[in-house]
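Atom set for the values below is all heavy atoms of this structure, side chains included, hydrogens, waters and symmetry mates excluded.
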Amino acid sequence: MDTIKTRFAPSPTGYLHIGGARTALFNYVYAKHNGGKFVLRIEDTDFERSEKIFEEDIIESLRWMSIISDEEILHQSERLNIYNSYVEKLLKEGRAYYCFCSKDLLEEDRNKLTAENKKPMYVGRCRELKPGEEMLKTPHVIRFKVERGTGSATFFKDLIRNQIISIENKEIDDFVIVREDGIPTYNFAVVIDDALSGITHVLRGDDHVSNTPKQIMLYNALGFKVPEFAHVSMILGSDGKRLSKRHGATSVIQYKKEGFLPEALVNYLIRLGWSHGNDEILSLDEIIKFFDLKNISKSAAIFNTEKLLWLNSHYIKSKDPFALISLINDISEDSQARLNEDVKTAALVDSLKSRSKTLVELRQKLDFFLNKTVEYNAGVINEFNFNQNDAAFLQVFKDFIISLDDDIFIDGKNLEGLKVSIESIKNAFNDFLSQNGWTMKEKAMIIRLAFTGEKVSPPIYEMIFSLGKERCTERIEAFLGFLSGIKN
RNA sequence: GGCCCCAUAGUCUAGCGGUUAGGACGUUGCCCUCUCACGGCAGUAACACGGGUUCGAAUCCCGUUGGGGCUGCCA
């Protein structure tokens with residue numbers, strides 16, 4: 001048996017969307033599971049809509065998900081003369097013919113057939129034509145001559161359904177294989193490329209099932225070995241309709257920008273339509289290890305952002321804070337300050353990572369720390385009836401901060417040291433509270449508000465550590481000032 | 001319209017002739033707790049419908065309904 005080889009062949013007419021990403025993933029893990037090869041091919045024969053930036057986006061998005069081509073990436077636009085030689089062959093053997101019907105005429109035919117409630121197909125006007133030299137100088141396309149024997153059908157076994165799908169030839173048009181501009185169409189180029197590059201298994205979207213018989217005819221006419229086919233169901237939007245921009249982010253790059261980790265997207269996408277028992281959390285390596293076409297679902301799946309967010313928060317939680325800092329910096333806008341890769345930032349990131357579903361959200365929660373000063377909001381603060389006693393507490397608390405041992409506030413990247421520091425702050429603070437007969441519960445909120453201006457914040461100890469003595473005392477004073485302002 | 005495909009909770013799924021129909025997301029309640037989270041525990045909710053086949057069908061067959069795809073000189 002041949003070594004298994006799969007491919008992902010997108011057209012660079014848009015950013016890589018999650019449906020394509022899932023197809024690429026299926027191809028990649030199937031090849032890898034079987035010790036085979038995965039290749040990428042750019043189907044850029046639609047010159048009108050293909051753009052280089054989309055191609056770059058596709059490659060970069062796949063690379064981000066760790067999906068990398070095992071061979072040089074092919075471009076159909078560079079293989080035009082290869083296709084030509086095969087067209088000649090078909091023409092010579094009478095398996096293809098020139099068609100001079102104008103687009104208007106075809107349109108007319110189609111309308112007529114549709115009006116009669118018939119399938120709009122090419123009527124075969126030029127099928128038996130023997131054009132001379134002069135005629136060939138006029139605009140024409142080349143069509144494949146589909147065998148018309150009564151009852152003739154084309155079939156293939158779909159590996160996902162594990163079932164033969166058969167389509168009668170009368171349902172299939174004499175489809176165009178070379179356009180008027182001499183560029184081959186998808187159905188033609190794809191067959192030649194797959195055959196020539198030795199693709200053994202074609203895993204693609206459900207939307208290609210009706211193309212498959214056409215392609216099989218071409219494989220046979222060209223004398224190529226027909227590969228195996230597996231058609232994966234599509235991803236639908238929350239309303240059960242085909243996924244589109246209406247459903248929010250659809251491109252891989254958008255998910256990256258919104259703070260998703262590639263592990264989460266990969267895990268989500270593979271579980272959308274494939275399963276391994278009750279396993280939910282799967283690394284790429286595990287997916288490759290367990291992957292089997294038998295476990296791919298036949299039905300379409302609705303994309304569910306909630307579950308993706310859950311997986312993303314899972315992977316965020318499992319990461320080292322310094323790794324998170326650099327991931328956040330990677331996706332930060334130019335206008336945003338870069339996070340320092342120091343233990344002060346790491347302390348907060350570490351406590352915030354279980355509170356964030358995306359990297360973007362995590363970064364937002366760091367705003368209070370990144371900003372020079374705090375904006376206090378009377379509305380929020382008035383929800384708590386602070387009085388003179390609270391102001392007095394803050395004064396004492398400030399003294400407590402100042403009294404803290406300077407050795408606690410370490411620098412560098414020492415996470416072990418961080419644990420010790422947090423423990424020291426915790427112990428000192430608890431002593432401070434109990435000596436005065438106070439509890440954490442009754443004092444936490446005012447401290448939180450003083451440090452951040454918000455009702456929600458990272459834990460107090462981490463904030464004391466990360467802000468440091470000076471910024472803590474500054475904020476306490478600023479808050480005290482604000483409090484006296486709203487009292488008057 | 002024609003052709004093809006699909007059908008277990010709101011969502012993703014396990015199941016492959018005999019199960020109290022399992023897991024996960026979400027959601028609800030409780031516990032933990034300095035806020036918010038995390039975590040733990042508990043609850044919630046499904047075999048689209050109708051016929052067969054069979055001692056027995058979520059599982060096999062047929063039909064209905066519903067959904068999706070294709071019906072381009074796009075891929």
Residue pair Pro184(A)/Lys214(A) against RNA chain B: nearer the 5' end by closest nucleotide is Lys214(A)

Between Tyr268(A) and Leu308(A), whichever has its closest RNA chain B nucleotide further toward 5' is Tyr268(A)

With [atom1] as the reference atom in both, quote the distance from [N] to [M] in angstrom, rounded to an integer.
{"N": "rC60(B)", "M": "rA75(B)", "atom1": "C1'", "answer": "38 Å"}
{"N": "rC61(B)", "M": "rU54(B)", "atom1": "C1'", "answer": "12 Å"}
{"N": "rA24(B)", "M": "rA45(B)", "atom1": "C1'", "answer": "14 Å"}
{"N": "rU64(B)", "M": "rC3(B)", "atom1": "P", "answer": "12 Å"}
{"N": "rG66(B)", "M": "rU27(B)", "atom1": "P", "answer": "33 Å"}
{"N": "rA48(B)", "M": "rG40(B)", "atom1": "C1'", "answer": "37 Å"}
{"N": "rU13(B)", "M": "rA9(B)", "atom1": "C1'", "answer": "11 Å"}
{"N": "rC4(B)", "M": "rU28(B)", "atom1": "C1'", "answer": "43 Å"}

Atom-to-atom span, [atom1] of [X] to [atom2] of [N] - whole angstrom:
{"X": "Trp274(A)", "N": "rU13(B)", "atom1": "CH2", "atom2": "P", "answer": "12 Å"}
{"X": "Ile172(A)", "N": "rG72(B)", "atom1": "CD1", "atom2": "P", "answer": "13 Å"}
{"X": "Phe100(A)", "N": "rC73(B)", "atom1": "CZ", "atom2": "C1'", "answer": "14 Å"}
{"X": "Asp239(A)", "N": "rG10(B)", "atom1": "CG", "atom2": "C1'", "answer": "14 Å"}
{"X": "His75(A)", "N": "rA75(B)", "atom1": "NE2", "atom2": "P", "answer": "16 Å"}
{"X": "Ile177(A)", "N": "rG72(B)", "atom1": "CD1", "atom2": "P", "answer": "17 Å"}
{"X": "Asn295(A)", "N": "rC16(B)", "atom1": "CG", "atom2": "P", "answer": "12 Å"}
{"X": "Asp158(A)", "N": "rG69(B)", "atom1": "CG", "atom2": "P", "answer": "17 Å"}

By the 4.0 Å heavy-atom rule, please label [X] as base, sugar-phosphate, or nothing.
{"X": "Ser297(A)", "answer": "sugar-phosphate"}
{"X": "Val176(A)", "answer": "sugar-phosphate"}
{"X": "His231(A)", "answer": "nothing"}
{"X": "Asp173(A)", "answer": "nothing"}
{"X": "Lys241(A)", "answer": "sugar-phosphate"}
{"X": "Gly205(A)", "answer": "nothing"}
{"X": "Arg110(A)", "answer": "sugar-phosphate"}
{"X": "Thr13(A)", "answer": "nothing"}

Pair Asp174(A)-Tyr97(A), side-chain donor/acceptor within less than 3.5 Å
yes

Counting only side-chain heavy atoms from C-beta out, which of [options] sits nearest to [X]?
{"X": "Asp46(A)", "options": "rG69(B), rG1(B), rA75(B)", "answer": "rA75(B)"}
{"X": "Glu280(A)", "options": "rC25(B), rU13(B), rA24(B)", "answer": "rA24(B)"}
{"X": "Glu306(A)", "options": "rC70(B), rC25(B), rC73(B)", "answer": "rC25(B)"}
{"X": "Asn278(A)", "options": "rG68(B), rG1(B), rG23(B)", "answer": "rG23(B)"}

Next on the checklist: Looking at Lys319(A) and Leu324(A), would you say the former's side chain and the latter's main chain have a donor-acceptor pair under 3.5 Å?
Outcome noted: no

Counting distance only, does the side-chain N/O of Asp350(A) pair as donor-acceptor with the main-chain N or O of Asp320(A) below 3.5 Å? no

Separation between OH (Tyr83(A)) and CD1 (Ile192(A)), nearest 0.5 Å, reads 7.0 Å

Working to the nearest 0.5 Å, report the span between CZ of Arg49(A) and OG of Ser11(A).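 Rounded to the nearest 0.5 Å, the CZ-OG separation comes out at 6.5 Å.
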
Q) With under 30° as parallel and over 60° as perpendicular, where do the rings of Phe400(A) and Phe429(A) fit, or are they tilted in between? A)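 Geometry flag for Phe429(A) against Phe400(A): tilted rings.
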
**Q.** Aromatic ring pairing Trp310(A)/His314(A), orientation class (parallel under 30°, perpendicular over 60°, tilted between)
**A.** tilted

Pairing partner of [N] (Watson-Crick or G-U wobble, both distances under 3.5 Å):
{"N": "rC3(B)", "value": "rG69(B)"}
{"N": "rA37(B)", "value": "none"}
{"N": "rU54(B)", "value": "none"}
{"N": "rA42(B)", "value": "rU28(B)"}
{"N": "rA14(B)", "value": "none"}

Look at Lys419(A) together with Glu423(A) and state whether they make a salt bridge at an N to O cut-off of under 4.0 Å. no

Self-check item: SB check Arg110(A) Glu108(A) (cutoff 4.0 Å)
Solution: no

Worksheet item: Pick from Phe291(A), Phe26(A), Phe290(A), Tyr30(A): which one makes a ring pair (Phe, Tyr, Trp, His ring centres under 6.0 Å) with Trp274(A)?
Response: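 Going through Phe291(A), Phe26(A), Phe290(A), Tyr30(A) one by one, the ring pair (Phe, Tyr, Trp, His ring centres under 6.0 Å) with Trp274(A) is satisfied by Phe291(A) alone.
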
Output, in order, the C-alpha distance, side-chain angles, deciding distance and verdict of side chain to side chain contact (heavy atoms under 4.5 Å, CB included) for Val178(A) and Ile183(A). CA-CA 6 Å; Val178(A) 179; Ile183(A) 308 298; over 6 Å; no

Q: Taking all heavy atoms of Asn187(A) and all of Lys214(A), pick out the closest pair and write down the distance.
A: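 Heavy-atom minimum between the residues: OD1-CD, 3.9 Å.
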
Quiz prompt | Shortest non-hydrogen contact from Ser457(A) toward Thr452(A) | solution =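 Scanning both residues completely, I find the closest heavy atoms to be CB-CG2, 3.9 Å.
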
Reading nucleotides 3-8 of chain B from 5' to 3' and marking B where a protein heavy atom lies under 4.0 Å of the base, S where only the sugar-phosphate is that close, and - otherwise, the string is SSSSS-

Going 5' to 3' through nucleotides 32-48 of chain B and flagging B where a protein heavy-atom sits under 4.0 Å of the base, S where only the sugar-phosphate is that close, and - otherwise, we get --BBBBSS---------

